[in-house]
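Working notes, structure below.
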Amino acid sequence: MAQPLVKRRSLRWLVLEWVPRLLVAALFIYTGSTKIADPQTFIKEVQAYQLGPIMLTHLVAFVLPWVEVLTGGLLLIGVWRREARLVIALMLIVFVVARGCVMVSGRSIDCGCVPTDSLIHFLFDGWMGVVTNFGLLALLGIEGYAERLRRTPRRNGPLAAETQQAVPA
Amino acid sequence: MTRTGIRRSAVRILVLGLISAGVGVGHARYRGLPLFPDLKRMQEDQLKHKAWVEETAIELEAFIRHYEAAGLVIDARPRDRFEEGHLDAPSIMNVPADEAADGYHYERVTAYQGPPVVLYCASEACDSAQILWLALQSWGFSSEVRVYHPGWEGILEHGLPTIDGPDLHYDLYADEYGDELVEDSAERPAGDQLGAGSEERDGD
């Protein structure tokens, strides 16, 4: 059998795959849950951004938290990981753009990512929120790359010849 | 990624979206929340808010005269924000809007009945000052209550003096009166203004 570049149950696998996956999944499950628990506040926060038609703000406020929880859960248990990763990355990009637009326009509104009394609220306050989202994107990238390395056989390993023979011309 | 893989991922993402939408909408209906905003009511609320802002606004110069004359200023932001930085005024206290129902704040604020009071919170977009203003009205607070609507952002923008640290008045009041509630504000020692109290405390 071909040797993967990142072996399962190795320290490298743990650090590159599991840690980023756990961090991102846990954060999204947490943020989604807090919004599900208090939809009225999240509706106001979505409306405060003033991006997009106001008639859709309620729907966005109701659906987005469940997307966060579901994708976080899928990433955590390792089912449909690629799709969960993609959806989370899309959400992060949208958050970064939305937050950036608000900050550039000079408006001072709460991120709406976590409750204001949350211990991690400082991570999403002002420009720090943009930095945090970029950090999460980076973690997703690392996790995806590590998964790819784990599935990719070594080119120069002891079984490289067998792998190359198996690959059709 | 192959075409089959892309198609499979697209289907999975669609399924994810549909499940989220179904559960989200179902949860909203269960909570009795409207799926679409009531635009007419929102417009009415905006007009009411605009009228309230006009009614309670205090101009910058009047605000500066008020706090320089040791008029009471109340910062309605959360306590940690207050401690990070607040207006450096002789008579300032921190009454976070989410603690407005706290009996302790009721006692120490209503002790200042009579002279005008000015509130401020984070910015014009912040609603903490309005929440606190409504709380004061519900307490039967008879003093004139104005709001410096630009809030902390305006204070920084106009270079007003600022300082960090806890609400000294909170500790002062707690040290003097402990857990006992002062039922009659007249029972407070004559001339017990924040500035004088602070000087005595500093002298300890």
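Chain letters run A, B, ... following the sequence lines, proteins first, then strands; residues in each count from 1.
- Of the listed residues B:Gly22, B:Ala21, B:Ala10, the one with more heavy-atom pairs under 4.5 angstrom with chain A than any other is B:Ala21.
- Only the side chain of A:Val87 comes within contact range of chain B, with heavy atoms under 4.5 Å apart.
- Only the side chain of A:Leu74 has a heavy atom closer than 4.5 Å to any heavy atom of chain B.
- Contacts between B:Val15 and chain A at a heavy-atom distance below 4.5 Å involve the side chain alone, from C-beta outward.
- The closest side-chain heavy-atom distance from B:Val25 to A:Leu59 is below 4.5 Å.
- Between B:Ser20 and the choices A:Leu64, A:Val67, A:Thr71, the side-chain contact (heavy atoms from CB on, under 4.5 Å) rule is met once, by A:Val67.
- If you take CG on B:Asp38 and NE2 on A:His58, they are separated by 9.0 Å, rounding to the nearest 0.5 Å.
- Summarising the geometry, atom CH2 belonging to A:Trp80 is positioned 6.0 Å from atom CG belonging to B:Leu16; distances are rounded to the nearest 0.5 Å.
- Using a 4.5 Å cut-off between heavy atoms, B:Arg29 makes no contact with chain A at all.
- At least one side-chain heavy atom of A:Pro39 sits under 4.5 Å from a side-chain heavy atom of B:Leu33.
- Atom CD in A:Gln40 sits 6.0 Å away from atom CZ in B:Arg31 (nearest 0.5 Å).
- Taking CZ of A:Arg82 as the start and CZ of B:Arg8 as the end, the distance is 7.0 Å to the nearest 0.5 Å.
- Heavy-atom distances place no part of A:Glu68 under 4.5 Å from chain B, backbone and side chain included.
- Rounded to the nearest 0.5 Å, atoms CG (B:Leu35) and CG (A:Leu56) are 11.5 Å apart.
- A:Ile54 and B:Pro37 make their closest contact through O-CG, 3.3 Å (heavy atoms, listed as atom of the first residue, atom of the second, distance).
- Neither the backbone nor the side chain of B:Pro78 comes within less than 4.5 Å of any heavy atom of chain A.
- Counting heavy atoms of neighbouring residues, nucleotides and ligands inside a 6.0 Å radius, atom CD of B:Glu59 does not exceed 12 of them.
- Atom NE2 of B:His27 is separated from atom CH2 of A:Trp66 by 6.0 Å, given to the nearest 0.5 angstrom.
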